[in-house]
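Written out below as structure tokens is the structure these notes cover.
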Amino acid sequence: GESVGLHLPTLSVQEGDNSIINCAYSNSASDYFIWYKQESGKGPQFIIDIRSNMDKRQGQRVTVLLNKTVKHLSLQIAATQPGDSAVYFCAESGGAAGNKLTFGGGTRVLVKP
Amino acid sequence: NAGVMQNPRHLVRRRGQEARLRCSPMKGHSHVYWYRQLPEEGLKFMVYLQKENIIDESGMPKERFSAEFPKEGPSILRIQQVVRGDSAAYFCASSALRGDTQYFGPGTRLTVL
């Protein structure tokens, strides 16, 4: 069935180090993938997205990698800062699911000073 | 440049009452999505609307829940005869075009006593 899951529920990172958050998806028909950041008490904040015709996309301090062969998505955060502490969700859409987003369960990132 | 707006931010209802949640999309956006989030979980899709039309309501419970997006005014998610299990955070997102990036509002936290 359609599902998006995460390998690591909590990730502790030293300030200044790089963070990698992983996500597995099961719907091979999905063609659009997004990473959101959610801070406590707030709504999900768009970070970066990627479409299935790409395997890598870079933003400011963030990179998303897409491996369609193994249906794996990752978010890399360079030089992690205290403000990066939040829960990160991957989401996918497309195929029979249409426009709706299917979210993973989330990974909590804790940045240690 | 206002983002997606939701009100109220917090809503307390007693069992059996009605809850009305409002969402104003970003300026220029005509596609609205509602999601529900239970504590420590990812968001679950409920319904996708365009102006005056429900496009996809596959995530909506069959009873007590309804949504609308009138020609004028905000989108409304209505929950009749609320039960304790309806307690959750309800998020609205909007996009400019079908398939575009969805931007989320701050959410409405519904508590049913």
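In what follows, every heavy atom counts, from backbone to side chain, and hydrogens, waters and symmetry copies are set aside. Letters A, B, ... mirror the listed sequences (proteins, then strands); counts begin at 1.
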Connected via hydrophobic side-chain network under 4.5 Å: A/Leu11 and A/Val64: yes
Side-chain (B/Tyr35) to main-chain (A/Phe103) donor-acceptor, under 3.5 angstrom: no
Whether over 12 other heavy atoms sit under 6.0 Å from A/Lys68 NZ: yes
Residue part contacting chain B, namely of A/Ile34, when any heavy atom lies under 4.5 Å: neither
For the student: nearest non-hydrogen atoms of B/Leu43 and A/Pro44, plus distance: CD2-CG, 3.9 Å
Same cluster (ILVMFWY, side-chain, under 4.5 Å), A/Tyr32 and A/Leu65: no
Contact class of B/Gln37 relative to chain A, heavy atoms under 4.5 angstrom: side chain
Beyond-backbone contact of B/Tyr33 with A/Leu101, side-chain heavy atoms, under 4.5 angstrom: no
Crowding at CD, B/Gln17 (>12 non-hydrogen neighbours, <6.0 Å): yes
Nearest non-hydrogen partners of B/Asp56 and A/Lys100, listed with the distance: OD2-CD, 3.9 Å
Atom CZ of A/Arg51: over 12 foreign heavy atoms under 6.0 Å: yes
Residues, nucleotides or ligands: over 12 heavy atoms within 6.0 Å of A/Lys56 NZ: no
Atom group of A/Gln38 that falls short of 4.5 Å from chain B, counting heavy atoms: side chain
